[in-house]
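Down below is the structure, laid out as structure tokens.
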Protein chains: 2
Amino acid sequence: MRDEVDDLVEAWGRERGDLDLAPVEVFSRISRLARHLDLARRDAFTAHGIESWEFDVLAALRRAGTPYELSPGRLLRETLVTSGTMTNRVDRLTARGLVERLPDPKDRRGVLVRLTAEGKAAVDGAFEALLAAEADLLADLPEKQRTQLAGLLRSLLAPFS
Amino acid sequence: MRDEVDDLVEAWGRERGDLDLAPVEVFSRISRLARHLDLARRDAFTAHGIESWEFDVLAALRRAGTPYELSPGRLLRETLVTSGTMTNRVDRLTARGLVERLPDPKDRRGVLVRLTAEGKAAVDGAFEALLAAEADLLADLPEKQRTQLAGLLRSLLAPFS
DNA sequence: TGTGAATATCTCGACATCAAGACACTTCGC
DNA sequence: GCGAAGTGTCTTGATGTCGAGATATTCACA
């Protein structure tokens with residue numbers, strides 16, 4: 001079975017046969033899979049009427065557990081965006097009624113963002129759709145190999161944490 | 001060895017113990033690795049005075065082989081951006097002297113984008129730096145496992161091609 | 001050869017993001 | 001307690017990308 005990266009490596013090999021292209025075999029596939037995955041996510045979420053960035057924020061709140069509240073600062077660290085972006089996102093999610101802003105009782109500088117009942121329903125539905133779509137992509141991979149893959153990826157990712 | 005995704009899966013497991021989170025173990029790691037890799041790429045390229053988007057375009061031309069010419073249309077398919085974006089990118093690369101635009105002798109609607117000598121030197125240097133940085137990230141992974149990982153990723157990616 | 005569909009590129013307006021700075025409140029040391 | 005440094009959030013301006021539309025040329029076919 002051949003993929004796009006085989007072509008990529010072949011082309012580079014023709015032009016730069018002096019280089020060891022082994023890293024490309026791994027990292028180029030990771031980048032491309034991430035791009036395809038983004039599109040698959042987008043599709044899965046569209047069916048549930050939410051966008052990827054909305055899911056990122058709602059999912060962080062959902063994972064926090066009841067009462068589903070986090071500060072904007074915490075949210076931006078979870079989702080790796082800047083504060084200006086998070087302000088904008090919370091604005092739009094508030095306008096859609098999926099979250100609400102409340103003053104932080106412990107710190108009068110601060111604000112808490114809380115999932116509404118609709119927000120919780122939306123994120124739960126979207127997450128199930130995402131898992132289903134992802135499970136499809138993995139359907140051809142036997143469980144043993146899937147576990148092996150997860151383990152290898154973990155060993156690459158762990159140094160960053 | 002534990003990574004960020006172990007935490008993520010643990011949090012979801014607390015909240016949604018009813019769901020099979022196996023896909024997250026694979027795809028969330030792929031997404032996160034892609035993000036970290038982007039940053040590593042950025043760093044490697046910065047040392048060579050070019051940006052990631054510049055590399056994407058220059059590398060497509062470089063891989064095409066002499067005379068290092070491709071049409072804007074071909075470039076946008078290679079790099080997965082829209083035509084408006086490619087026009088803008090070619091403008092900026094032309095301003096930097098890394099590529100030049102020439103009329104397509106075969107099709108008077110068309111244009112060819114050609115790598116200049118400086119462009120070729122820039123992309124070759126940047127690619128070597130990228131390979132070195134990526135090799136570092138793989139340093140702890142024995143060759144056998146690296147090959148195994150590449151193969152597993154290929155089997156996920158191939159269906160998209 | 002002429003006509004309409006397809007193709008190739010560029011232009012333009014909208015928009016999400018980032019980065020830097022402003023503002024309010026809190027915390028810590030004296 | 002008082003002042004300075006730190007923290008948390010929001011505002012603002014710049015920028016890169018997308019998407020739709022405009023223009024020019026080529027292609028298919030009658």
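Reminder, nothing fancy here: chain letters follow the sequence lines and each chain counts from 1.
- The nearest whole Å value for the distance from the CZ atom in B:R108 to the P atom in D:dC27 is 11 Å.
- In this structure, A:D91 atom CG and C:dA16 atom P are separated by 11 Å, rounded to whole Å.
- A:R74 has its CZ atom 16 Å from the C1' atom of D:dT7, to the nearest Å.
- Residues that satisfy the salt bridge (Lys or Arg N to Asp or Glu O under 4.0 Å) test with B:D104, not counting sequence neighbours, are absent from this structure.
- Annotation: B:R146, atom CZ; neighbour count of heavy atoms from other residues, nucleotides and ligands within 6.0 Å is above 12.
- Remark: B:R108 CZ is loosely packed, at most 12 non-hydrogen atoms of other residues, nucleotides or ligands lying under 6.0 Å away.
- Between B:D107 and A:L76, the residue whose closest nucleotide on DNA chain D is further toward the 5' end is A:L76.
- Under a cut-off of 6.0 angstrom, the local environment of CG in B:D7 is crowded, with over 12 non-hydrogen atoms contributed by other residues, nucleotides or ligands.
- Rounded to whole Å, the distance from CZ on B:R77 to C1' on C:dT9 is 12 Å.
- The CG-C1' distance, from A:D56 to C:dT17, rounds to 14 Å in whole Å.
- Backbone-only contact: A:R101 has heavy atoms under 4.0 Å from sugar-phosphate atoms and none from a base.
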Distances under 3.5 Å between nitrogen or oxygen atoms of protein and nucleotides 13-23 of chain D:
unit_1: D:dT17; atom_1: OP1; unit_2: B:R89; atom_2: NH2; d: 2.7
unit_1: D:dT17; atom_1: OP2; unit_2: B:R92; atom_2: NH2; d: 3.1
unit_1: D:dC18; atom_1: OP2; unit_2: B:T82; atom_2: N; d: 3.3
unit_1: D:dC18; atom_1: OP2; unit_2: B:T82; atom_2: OG1; d: 3.4
unit_1: D:dC18; atom_1: OP2; unit_2: B:T85; atom_2: OG1; d: 2.7

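- Under 3.5 Å, the side chain of A:R109 and the base of C:dT26 form no donor-acceptor pair of N or O atoms.
- Around CZ of B:R16, the count of heavy atoms belonging to other residues, nucleotides or ligands within 6.0 Å exceeds 12.
- If you take NZ of A:K106 and C1' of C:dC25, they are 17 Å apart, rounded to a whole angstrom.
- A heavy-atom distance below 4.5 Å is found between the side chains of A:V113 and A:P72.
- Protein atom CG of A:L75 is 15 Å distant from nucleotide atom C1' of D:dC10, rounded to whole Å.
- Contact record, B:L8 with B:V24: CD2-CG1, 3.9 Å, taken as the closest heavy-atom pair.
- For the pair A:D104 CG and D:dT7 P, the interatomic distance rounds to 16 Å; values are reported in whole Å.
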